[in-house]
Trainee: 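For reference, the structure I am asking about is given below.
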2 protein chains.
Amino acid sequence: MPDVPTRILPGHGSGGEMMKSLIEEVFLSYFGQPFPGGMADSAVLPVSKLLPVFTTDSYVVSPLFFPGGDIGKLAICGTVNDIAVTGARPAFISAGFILEEGLELSVLREIVKSMAEEAGKAGVKIVTGDTKVVEKGKADKLFINTTGIGYMDQKHFHIHRGRNVDAGDMLIINGYIGDHSIAVLAARGGFNFSTPAESDCASLGGMINLLLERFGGIRWMRDVTRGGLATVLCELADDIDFGVELFEPAVPVSEPVASACGMLGMDPLYLANEGKVVMVVDGSEADSVADYLRSHPNGTGTAVIGEITAEHPGEVVLHTTAGGSRLVHPLAGEQLPRIC
Amino acid sequence: MPDVPTRILPGHGSGGEMMKSLIEEVFLSYFGQPFPGGMADSAVLPVSKLLPVFTTDSYVVSPLFFPGGDIGKLAICGTVNDIAVTGARPAFISAGFILEEGLELSVLREIVKSMAEEAGKAGVKIVTGDTKVVEKGKADKLFINTTGIGYMDQKHFHIHRGRNVDAGDMLIINGYIGDHSIAVLAARGGFNFSTPAESDCASLGGMINLLLERFGGIRWMRDVTRGGLATVLCELADDIDFGVELFEPAVPVSEPVASACGMLGMDPLYLANEGKVVMVVDGSEADSVADYLRSHPNGTGTAVIGEITAEHPGEVVLHTTAGGSRLVHPLAGEQLPRIC
């Protein structure tokens, strides 16, 4: 190797010196040394009295960069949010990279930098990792898996199963839906949207932790990603002995998303988000929770969008803007591929 | 969807109904329900007083099936072994799948079955997962990420950094090296090896746990994967203030590997393994440890292959079969791509 390579070569996944250089010069230079002694194949974590929460996601978004984010930022936000919505505090992340031979090292570097920045904001440490290289044409530039560990106070255990959800509880979302899907779609080119959408990609751990410290009436939460709000609410209805009512006029949809959906015949209720949480909140606290969320940078567009009812258990009923009502079904097939 | 699909379609990664069916009919049917209430995006784990150990690996082996294993078995063994060599007991695994559109569901099913079987043998639970689908030509059939959590007794904390390694300690390996690499290479076709090699792919957690219960003199361990024995020993030498001496005639090499290496001009010291652990053991216990390992199914080929010395700190010296000696260097570039 007389020259420093500018692209990923098979040797970068070898387990030998080239891989070691890549780890030191790219990964460790941004992620830092997680513990004294450097990054080994395994990270030994501190003991905790809290319940560990464990979640995994692979990221295959195309293109790698889009308005509002990139695959690296997404890989942190997505996994942080999966943990945060259980009521746990995200803490440690592993990062597994599958790199296509020929990927520009400058692109990898930019993405790793973005991961490090988002991890810093979200207060999580990237503590262990893995790198594999496949031949040109056997992957699409790069894929990232992040797996996360968070810690949950026992008093929040009911949240991830919605055990305390009750009729009269209200549904709240922290802002506009669908912007991530439309931003990624626009970044692929071929469309000429009049107003550009920007991905909502954000780590919600901080906001959710503050919320849980302040309010006792958070009954259930879920990040609204693939499948969209419609699918997430259908899963909620499946898990509880109550019905879900959704008020279409109350659901926040931005102008760019509304116009793109109109143009393409898509329903924003099925679009993916990467910085949205929908929650069920005790009715008596709903307005205070919504006000509090609006005061947080990740919740400025917060709206109360529905209610839990004793009627039609297991079903989601949409009260439409037109004044009618209909059953909401989960996404059947695919709406937009590779948006995360 | 009037017909049940026989191949992976974009909708299987959608977050909607098709993905739910895939999870229920393929993943959960083999992995089982990890906890009452089914598999959610996140798994809540029990509290432990032991140190959590966290490790990640992506698997991109090609072909998916090879003598002695497949990508699914490998994805469990590799991650279990990464944890076990720290002295921790492997416990929980997450499984992230990246599937290429068009992959036969029967192939996925066979691989998932293999993962479930190996997880059962290794005593680990697959507790959370993720599925992404990319277009045909944007991946190579399927890639798997497994991330694992194990639990370590504080008294074994010294092992993963080799803190107690001392001159006079002996190097032990639990059997023949290089069989995994040669088995995968042969499965790719194009070679006509006279004797077929079989991958050593095995979960070593059970054997290692028994060893640690019985012997106090295990000073350091490492699984011998990418980069081979040579690279792993160079990393050991880098981490300690001692030298490493390796006796070439003592290193177990099977007939198929020796003959394939002769034919292809490869050195078995740089070949990957998936069921081998090399350990540094207190000299006074080395023979008893070796005898004990030989009595275990994963250690029948165990050999004492070297020694830790006060001389040439930071270096690995090979005493060759020919009677000479030379410095061993870590693998520089790539020997065989995509063997794990």
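Throughout, protein chains are lettered first and strands after them, A, B, ... in sequence-line order, and every chain is numbered starting at 1. This structure is a prediction, so every number in the text was calculated from the model and none was measured.
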Trainee: Checking B:Glu235 against chain A: side chain, backbone, both or neither under 4.5 Å from a heavy atom?
Mentor: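 Just the side chain, heavy atoms under 4.5 Å.
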Trainee: CG/B:Asp41 to CG/B:Asp130 distance, rounded to the nearest 0.5 angstrom?
Mentor: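 Those atoms lie 8.0 Å apart.
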Trainee: Any side-chain heavy-atom pair from A:Arg226 and B:Met19 closer than 4.5 angstrom?
Mentor: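 Touching, per the 4.5 Å side-chain cut-off.
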Trainee: Among the options A:Leu51, A:Leu45, A:Ile149, pick out the one with the most heavy-atom pairs lying under 4.5 Å from chain B.
Mentor: A:Leu45
Trainee: Using a 4.5 angstrom heavy-atom cutoff, name the option from B:Leu331, B:Leu336, B:Val53 with the most pairs to chain A.
Mentor: B:Leu331
Trainee: Around atom CZ of B:Arg338, are there more than 12 heavy atoms from other residues, nucleotides or ligands closer than 6.0 Å?
Mentor: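 Yes, because the 6.0 Å sphere around CZ of B:Arg338 holds more than 12 heavy atoms from other groups.
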Trainee: Is there side-chain contact between A:Leu185 and A:Met266, with heavy atoms separated by less than 4.5 Å?
Mentor: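 With C-beta onward as the side chain, the pair touches.
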Trainee: Does B:Thr231 reach the main-chain N or O of A:Gly16 with its side chain, forming a donor-acceptor pair under 3.5 Å?
Mentor: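 The answer is no, because no donor-acceptor pair under 3.5 Å joins these two groups.
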Trainee: Determine whether A:Trp220 and A:Met279 make a side-chain contact, defined as any pair of heavy atoms from C-beta on separated by less than 4.5 Å.
Mentor: no
Trainee: Chain B heavy atoms under 4.5 Å from A:Leu50: which part of the residue, side chain, backbone, both or neither?
Mentor: backbone
Trainee: Treating A:Ser42 as the side-chain partner and B:Thr55 as the backbone partner, does any N or O pair qualify as donor plus acceptor under 3.5 Å?
Mentor: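 Side chain of A:Ser42 to backbone of B:Thr55, a donor-acceptor pair under 3.5 Å: no, none is there.
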Trainee: With side chains defined as the heavy atoms from C-beta onward, is the minimum distance between A:Arg188 and A:Ile339 less than 4.5 Å?
Mentor: yes
Trainee: Could you check whether any side-chain heavy atom of A:His160 comes within less than 4.5 Å of a side-chain heavy atom of A:Met221, counting everything from C-beta outward?
Mentor: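 A:His160 does not reach A:Met221 side chain to side chain.
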Trainee: Let's test your reading of the structure: which of B:Val60, B:Thr56, B:Asp223, B:Val232 forms the most heavy-atom pairs below 4.5 Å with chain A?
Mentor: B:Thr56
Trainee: Mind checking which of residues 92-102 of chain B sit less than 4.5 Å from chain A, heavy atom to heavy atom?
Mentor: B:Phe92, B:Ile93, B:Ser94, B:Ala95, B:Gly96, B:Ile98
Trainee: Taking every heavy-atom pair that is under 4.5 Å apart, which of B:Asp57, B:Thr225, B:Leu9 has the most such pairs with chain A?
Mentor: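 Result: the option with the highest number of such pairs is B:Asp57.
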Trainee: Any heavy-atom pair between the side chains of A:Leu233 and A:Arg222 that's under 4.5 Å?
Mentor: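 Counting from C-beta outward, A:Arg222 and A:Leu233 never come under 4.5 Å.
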Trainee: Please look at A:Pro46 and chain B and tell me whether the side chain, the backbone, both or neither of the residue comes under 4.5 angstrom of a heavy atom of that chain.
Mentor: backbone
Trainee: Residue by residue, which of residues 79-87 of chain A have a heavy atom closer than 4.5 Å to a heavy atom belonging to chain B?
Mentor: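 Against chain B, the residues of residues 79-87 of chain A that fall inside the cut-off (heavy atoms, under 4.5 Å) are A:Asp82, A:Ile83, A:Thr86.
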Trainee: Please work out which of the three classes, parallel, tilted or perpendicular, describes the rings of A:Phe27 and A:Phe31, given edges at 30° and 60°.
Mentor: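 Parallel: the ring planes of A:Phe31 and A:Phe27 meet at under 30°.
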Trainee: Between B:Cys234 and chain A, with a heavy-atom cut-off of 4.5 Å, which part of the residue counts as in contact: side chain, backbone, both or neither?
Mentor: neither
Trainee: Given a strict heavy-atom distance threshold of 4.5 Å, which part of A:Thr147 is in contact with chain B: side chain, backbone, both, or neither?
Mentor: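 Both parts, heavy atoms under 4.5 Å.
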Trainee: Taking non-hydrogen atoms and a cut-off under 4.5 angstrom, which of residues 131-146 of chain A neighbour chain B?
Mentor: A:Thr131, A:Lys132, A:Val133, A:Val134, A:Glu135, A:Gly137, A:Lys138, A:Ala139, A:Asp140, A:Phe143, A:Asn145
Trainee: Looking at side-chain heavy atoms only, is the closest gap between B:Ile177 and B:Leu269 below 4.5 Å?
Mentor: yes
Trainee: List the residues meeting side chain to side chain contact (heavy atoms under 4.5 Å, CB included) with B:Arg7, not counting sequence neighbours, and say none if there are none.
Mentor: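 Side chain to side chain contact (heavy atoms under 4.5 Å, CB included) check on B:Arg7 returns B:Glu104.
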Trainee: Taking the basic N atoms (NZ, or NE/NH1/NH2) and the acidic carboxylate oxygens, is any pair closer than 4.0 Å for B:Asp238 and A:Lys20?
Mentor: yes
Trainee: So for B:Ser62, is it side chain, backbone, both, or neither that comes closer than 4.5 Å to the heavy atoms of chain A?
Mentor: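 For B:Ser62, no heavy atom lies under 4.5 Å from chain A.
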Trainee: If only atom types and distance count, is the side chain of A:Asn273 paired as donor or acceptor with the main-chain N or O of A:Leu271 below 3.5 Å?
Mentor: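 At least one qualifying donor-acceptor pair exists.
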Trainee: When you compare the side chain of A:Val278 with that of A:Leu229, does any pair of heavy atoms fall below 4.5 Å?
Mentor: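 Counting from C-beta outward, A:Leu229 and A:Val278 do come under 4.5 Å.
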Trainee: Is B:Ser58 close to chain A through its backbone or its side chain, or both, or neither, when contacts mean heavy atoms under 4.5 Å?
Mentor: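 Both the backbone and the side chain of B:Ser58 come within 4.5 Å of chain A.
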Trainee: Work out which heavy atom in B:Tyr151 is nearest to a heavy atom in A:Pro52; give both atom names and the distance.
Mentor: OH-CG, 4.4 Å
Trainee: Return the CD1 to NE2 distance between A:Ile23 and A:His12, rounded to the nearest 0.5 Å.
Mentor: 10.5 Å
